[in-house]
Amino acid sequence: MRILSIETSCDETAVSIIEAQGDIHSPTYRILGNALFSQIDIHTEYGGVFPMLAKREHVKNLVPLLSQANKLAKEALEGSEYNTGIPELTPEKRTLITEILHREEGLSEQIFNFLDTQELLEVDAVAVTEGPGLEPALWVGVSFAKALSIIFDKPLIPVNHMEGHIVSVLMSDGVEKKDHQISPQVSFPALSLLISGGHTELVLSEDWHQYKIIGQTVDDAVGEAFDKVARLLDLPYPGGPKISKLAAESRLHKLKEKAHNWSLPRPMMHSKDFNFSFSGLKTAVLYAVQEKTKSGPLSDDDKKTLSEEFENAVTEVLVHKTKKVIDEYQCNTLIVGGGVIANTYIRSTLKDMIQEHAPHTTLLIPSIDLTTDNSVMIGIAGYLRYISHDPKILQPKDVLSLTAKGNLSL
Ligand code: KG4
Ligand code: ZN
């Protein structure tokens, strides 16, 4: 089946069209069209994501991205048979769509103009992130998806963004079969380590769609800690990639051993539970910076070595707790998802840990381009929900009831 999916939970606006087949334990998929716009440069100026600004950008970009994904998908299907066109857009439907989009200024006009000039590839369902995330940002995607469900006269599948990060590993190391990718097998029990700007969670699953959060951060999320520490070091938003780069330079040239002996805490490393805490670590960086800057501004080497020590501290805690859960619950699979797993040091340390201590556990990590927020993962999650006949799926006549849920949990 073909699914059009939408993601607007934070600062990425994304629309994709995927084709997926197979049952829940052996899905295959093909990405027909994937269009994404990252608002990072816009938010960098303000040092973080501003929900109302994010919302405005989503409103501006959704239709152009739909147009791009639609064009790419038709190109991908060239040579095979496919249908375009939508059921008649009656005046009643137009009124309803205008109503649904009345808070998203100009969006209904953009959609109607688009439909007047371009042919939409037929899809079987629409999937959208309903939460968690920034509520004003989520609403734009949710309203847009409702409108599309009515336009196509096809079901709407609400998707949890964190489930999207989990299933993004189904697109790792895909084996190609004709033009479809075969997803890797996930053997249960599976543990998901979810590390992003808003979440740090250890989630245990006995099967797909069964989630038990057994550990989480009691304060800041890992990505948030990276972003806050970056600010302390005068590095622009988002801090994760910048810190990671400086830390790598420090490691390469062994700067920390040579000169700077920072020593940051490993918070909650040996606590009996599986929870995390990163706010104290950030404060420890603040104190270290304050102490150092008494004798002048931070040097480049200070920033590099402090980044390395911070990254080491975060990684040690994450890897230690993850190992503890794997041991205790005999997990057959470790899934890692969320923007922070773009971090090469955390990736490689996790790989080493699995190789050394849990060789029978399969480690699944999404390819780098699918680690940060995207709509392909929402499409795959939507597909798995659809074939499981999820009761939350809405028929076009019922879509009005769907709301954005900023605090949705797994
Ligand atoms: O999953 P994501 O794209 O958005 C949320 O759902 O939050 O994650 C974004 C987070 C940001 O905090 C960003 O700094 C962090 O992921 N991040 C990284 C790296 N790349 C992105 N953190 C550490 N190292 C990286 N290379
Ligand atoms: Zn995310």
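In what follows, residues are counted from 1 in the order of the sequence shown. Note that the structure is predicted; figures quoted are calculated from it, not measured. The analysis underlying the following values was restricted to heavy atoms, covering all of them including side chains, and did not include hydrogens, waters or symmetry mates.
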Between the side chain of K256 and the main-chain N/O of R251, is any donor-acceptor distance below 3.5 Å?
no
Keeping S5 on the side-chain end and A127 on the backbone end, is there a donor-acceptor pair under 3.5 Å?
no
Given side-chain contact (heavy atoms from CB on, under 4.5 Å), test D219 with E224 step by step and report yes or no.
CA-CA 10 Å; D219 40 54; E224 191 181 354; over 6 Å; no
So, for L281 and P265, which heavy atoms are closest and what is the spacing to 0.1 Å?
CD1-O, 3.4 Å
Side-chain heavy atoms of H180 within contact of E19, under 4.5 Å:
yes
Does any donor atom in the side chain of S38 or E12 lie under 3.5 Å from an acceptor atom in the other side chain?
yes
Give a yes or no on this: more than 12 heavy atoms of other residues, nucleotides or ligands lie within 6.0 Å of atom CG of D116.
yes
Is R266 salt-bridged to E309, going by a charged N under 4.0 Å from an acidic O?
yes
Pair E249 + K304: basic N to acidic O under 4.0 Å:
yes
Side chains of M353 and T349: does their closest heavy-atom pair fall under 4.5 Å?
no
Output yes when D327 and K323 qualify as a salt bridge under the 4.0 Å nitrogen-oxygen rule, no when they do not.
yes
Does G240 offer a backbone N or O that forms a donor-acceptor pair with the side chain of S244 under 3.5 Å?
no
State plainly whether the residues E104 and K55 are in salt-bridge range, i.e. N to O under 4.0 Å.
yes
Which distance, rounded to the nearest 0.5 Å, do you find between the NZ of K60 and the CZ of F37?
7.0 Å
Ignoring hydrogens and angles, state whether a donor on the side chain of Q181 or S183 is under 3.5 Å from an acceptor on the partner side chain.
no
Got a sec, which residues hit ring-ring contact (aromatic ring centres under 6.0 Å, His included) with H165, two or more places apart in sequence or on another chain?
H161
Compare all side-chain heavy atoms of P189 with those of N332 and state whether any distance is below 4.5 angstrom.
yes
With sequence neighbours left out, write down each residue that passes side chain to side chain contact (heavy atoms under 4.5 Å, CB included) with H209, or none if nothing qualifies.
I24, E163, Y211, L384, R385, S388
Test side-chain contact (heavy atoms from CB on, under 4.5 Å) on L77 and R2 and set out the steps.
CA-CA 12 Å; L77 290 173; R2 207 174 288 150; 3.8 Å; yes
If we ignore hydrogens and angles and just use 3.5 Å, is the side chain of S205 paired with the main-chain N or O of W208 as donor and acceptor?
no
Can you check whether L36's main-chain N or O pairs, donor with acceptor, with E7's side chain at less than 3.5 Å?
no
In terms of side-chain heavy atoms, does D273 have a donor or acceptor partner in S271 at a distance below 3.5 Å?
yes
Looking only at heavy atoms, what is the nearest atom pair of I243 and A230, with distance?
CD1-N, 3.7 Å
Using a 3.5 Å distance criterion without hydrogens, assess whether the side chain of K212 forms a donor-acceptor pair with backbone atoms of Q210.
no
Rounded distance (nearest 0.5 Å) linking atom CG of L410 with atom CG of N160:
4.5 Å
Above 12 or not: heavy atoms from other molecules or residues under 6.0 Å from CD of E105?
no
Can you measure from CD (E201) to CD1 (I213) and round to the nearest 0.5 angstrom?
4.0 Å
Side-chain donor-acceptor contact under 3.5 Å, N70 with S67
no
Donor-acceptor pair between T44 and D41 side chains, under 3.5 angstrom
no
Would you kindly say whether E316 and H320 are connected by a side-chain donor-acceptor distance under 3.5 Å?
no
Ignoring hydrogens and geometry beyond distance, is a side-chain donor-acceptor pair present between T200 and T217 at under 3.5 Å?
no
Under 3.5 Å, is there a donor-acceptor pair linking the side chains of K303 and S250?
no
Hey, does C331 have a side-chain heavy atom less than 4.5 Å from the side chain of L204?
yes
Give a yes or no on whether the backbone of E57 and the side-chain of N61 come within a donor-acceptor separation of less than 3.5 Å.
yes
Do you know which two heavy atoms are closest between V317 and M269, and how far apart they sit?
CA-SD, 3.9 Å
Going by side-chain contact (heavy atoms from CB on, under 4.5 Å), F144 matches just one of T8, V63, V128. Which one?
V63
Do L72 and E75 have side chains that approach each other closer than 4.5 Å (heavy atoms only, starting at C-beta)?
yes
What are the two closest non-hydrogen atoms of M268 and S277, and how far apart are they?
SD-CB, 3.5 Å
Rounded to the nearest 0.5 Å, what separation is found between the CG atom of L138 and the OG atom of S9?
5.5 Å
So do N312 and Y345 actually touch side chain to side chain, heavy atoms under 4.5 Å?
yes
Test log, rule side-chain contact (heavy atoms from CB on, under 4.5 Å), inputs N343 and I195:
CA-CA 10 Å; N343 184 291; I195 40 179; over 6 Å; no
To the nearest 0.5 Å, tell me how far I86 CD1 sits from L121 CG.
12.5 Å
Point-to-point distance, once rounded to the nearest 0.5 Å, from CD1 of I18 to CE of M1
8.5 Å
Take a 6.0 Å sphere around CZ of R56 and say whether it holds more than 12 heavy atoms from other residues, nucleotides or ligands.
no
Under 3.5 Å, is there a donor-acceptor pair between the side chain of H25 and the main chain of V186?
no
When you look at F278 and K228, which way does the side-chain contact (heavy atoms from CB on, under 4.5 Å) test go after all the steps?
CA-CA 10 Å; F278 293 105; K228 286 180 175 170; over 6 Å; no
Closest heavy-atom pair and its distance - V336, L363:
CG2-CD1, 3.9 Å
Any non-hydrogen side-chain atom of I341 less than 4.5 Å from a side-chain atom of L193?
no
For F50 against H43, the heavy-atom pair lying closest together:
N-ND1, 3.4 Å
Is a side-chain N or O of D398 found less than 3.5 angstrom from the main chain of S401, in a donor-acceptor match?
no
Would a distance-only check, ignoring hydrogens and angles, find a side-chain to backbone donor-acceptor pair under 3.5 Å from S196 to H199?
yes
Report yes if the side chains of E135 and P51 come closer than 4.5 Å at any heavy-atom pair, otherwise no.
no
Taking salt bridge (Lys or Arg N to Asp or Glu O under 4.0 Å) as the definition, give me every residue that meets it alongside D369, ordered by chain and number, with sequence neighbours left out.
none
